Visitor: 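The following block contains the structure, expressed as structure tokens.
For clarity, every value in this text was computed on a predicted model and none was experimentally measured.
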Amino acid sequence: MAYRTYVGTIEKGEIQILGNNEFYQPLINELKRQGYKIEDSCYGIEFDSNSDVVDTCTAIKEIQPIIDILEQYIWDKDKEMKNYFKDVRHKVDIFNLRPNKNFDKDFTARMIDLQENGYIFATANLVNYLKDNLERKYDREKKKIVYKIKEDKEVWFRAY
């Protein structure tokens with residue numbers, strides 16, 4: 001069975017955020033920092049089969065460090081893909097969304113596939129999925145939007 005990493009909320013359940021059998025050590029380190037007990041690279045909560053109650057002690061406290069780590073994951077993935085395919089005639093660039101004659105799918109099908117599975121959208125998918133649970137504000141010092149979990153909401157990560 002493939003190892004998968006999920007993010008979840010009480011209201012929506014959970015979605016997978018990394019590819020099958022992928023983990024990113026800085027993400028695991030951050031979850032440890034936030035109080036997760038991690039064994040064999042699996043982490044998070046389990047639901048009691050007789051209950052929908054979530055163990056609140058495993059809810060994350062801060063989302064912004066996780067978003068920052070996943071942004072770095074995207075950059076690292078882009079670099080990894082470029083290094084892996086450096087000798088190929090058509091270099092791979094996860095930020096290049098232009099049509100390529102090597103694709104056998106039409107444009108819309110490729111965009112849907114990229115949206116659902118593309119590394120480039122990992123943080124956008126995460127923020128979009130969690131939007132009802134997050135507050136956002138523009139940080140002038142960092143020159144970017146920063147996110148915070150709303151006071152009455154819970155977000156968790158788990159992997160198995």
Side-chain angles (χ1 to χ4, degrees), residues 1-47 52 54-86 88 90-98 100 102-103 105 108-136 142 144-150 153-160:
M1 180 146 102
Y3 174 84
R4 295 178 174 92
T5 300
Y6 297 89
V7 63
T9 68
I10 292 172
E11 297 85 6
K12 288 183 161 181
E14 59 189 23
I15 60 165
Q16 185 173 340
I17 61 162
L18 298 177
N20 292 346
N21 296 318
E22 285 188 301
F23 70 94
Y24 190 55
Q25 192 61 48
L27 175 63
I28 292 170
N29 295 345
E30 175 59 25
L31 292 173
K32 282 181 180 179
R33 187 189 73 78
Q34 291 198 35
Y36 276 71
K37 293 182 177 93
I38 298 175
E39 297 174 14
D40 298 328
S41 297
C42 287
Y43 47 87
I45 61 169
E46 294 294 332
F47 287 97
D52 289 334
V54 176
D55 180 358
T56 57
C57 70
T58 57
I60 62 168
K61 298 164 190 71
E62 303 171 69
I63 192 69
Q64 190 60 48
I66 291 170
I67 292 170
D68 294 341
I69 287 166
L70 289 175
E71 285 177 357
Q72 186 59 50
Y73 175 74
I74 294 167
W75 289 111
D76 290 349
K77 227 13 163 169
D78 184 52
K79 183 178 178 182
E80 178 184 310
M81 297 293 278
K82 285 177 181 168
N83 287 338
Y84 182 77
F85 290 103
K86 68 183 172 189
V88 177
H90 301 288
K91 295 194 185 288
V92 173
D93 181 353
I94 66 172
F95 296 101
N96 182 358
L97 304 179
R98 288 184 214 95
N100 181 321
N102 296 327
F103 289 107
K105 297 178 184 175
T108 301
R110 285 190 297 113
M111 291 302 107
I112 291 169
D113 186 50
L114 275 171
Q115 182 181 16
E116 291 175 355
N117 303 304
Y119 295 110
I120 190 173
F121 297 108
T123 54
N125 288 341
L126 175 67
V127 168
N128 188 45
Y129 184 76
L130 296 175
K131 67 183 171 193
D132 296 336
N133 296 56
L134 301 179
E135 296 174 3
R136 61 181 251 170
K142 294 180 181 179
K144 66 186 250 177
I145 295 172
V146 292
Y147 297 89
K148 179 182 169 191
I149 299 169
K150 291 180 181 177
K153 301 293 184 178
E154 289 185 353
V155 174
W156 67 83
F157 284 79
R158 71 181 186 137
Y160 52 87

Visitor: For Glu62 and Arg33: C-alpha separation, side-chain torsions, deciding distance, then whether salt bridge (charged side-chain N to carboxylate O under 4.0 Å, His left out) applies.
Guide: CA-CA 10 Å; Glu62 303 171 69; Arg33 187 189 73 78; 2.8 Å; yes

Visitor: How many angstroms lie between CD1 in Ile149 and CD1 in Ile66, if you round to the nearest 0.5 Å?
Guide: 7.0 Å

Visitor: First locate atom OH of Tyr6, then atom CD1 of Ile15, and finally report the distance between them rounded to the nearest 0.5 Å.
Guide: 10.5 Å

Visitor: For the OG1 atom of Thr123 and the CD1 atom of Ile17, what is their distance to the nearest 0.5 Å?
Guide: 10.5 Å

Visitor: Going from CG on Asn125 to CG on Leu130, what distance comes out if it is rounded to the nearest 0.5 angstrom?
Guide: 10.5 Å

Visitor: Is the closest side-chain heavy-atom distance between Asn133 and Tyr147 below 4.5 Å?
Guide: no

Visitor: Apply the ring-ring contact (aromatic ring centres under 6.0 Å, His included) test between Tyr24 and each candidate in Phe157, Tyr73, Trp75; give the one that qualifies.
Guide: Tyr73

Visitor: To the nearest 0.5 angstrom, please state how far the CG atom of Leu134 sits from the NZ atom of Lys148.
Guide: 11.5 Å

Visitor: Any side-chain donor paired with an acceptor under 3.5 Å for Gln64 and Asp68?
Guide: yes

Visitor: Check whether any side-chain N or O of Gln34 sits under 3.5 Å from a backbone N or O of Lys61 as a donor-acceptor pair, and report yes or no.
Guide: yes

Visitor: Would Ile60 and Tyr36 count as a side chain to side chain contact (heavy atoms under 4.5 Å, CB included) if you check the C-alpha gap in whole Å, the side-chain angles of each, and the deciding distance to 0.1 Å?
Guide: CA-CA 8 Å; Ile60 62 168; Tyr36 276 71; 3.6 Å; yes

Visitor: Between Ile67 and Val146, is the side chain to side chain contact (heavy atoms under 4.5 Å, CB included) condition met? List the steps.
Guide: CA-CA 9 Å; Ile67 292 170; Val146 292; over 6 Å; no

Visitor: Tell me, with the steps shown, if Ile145 and Val127 meet side chain to side chain contact (heavy atoms under 4.5 Å, CB included).
Guide: CA-CA 11 Å; Ile145 295 172; Val127 168; over 6 Å; no

Visitor: Which of these passes side-chain contact (heavy atoms from CB on, under 4.5 Å) with Arg4: Gln16, Arg158, Glu22, Glu14?
Guide: Gln16

Visitor: Rounded to the nearest 0.5 Å, what separation is found between the CG atom of Asp132 and the OG1 atom of Thr9?
Guide: 8.0 Å

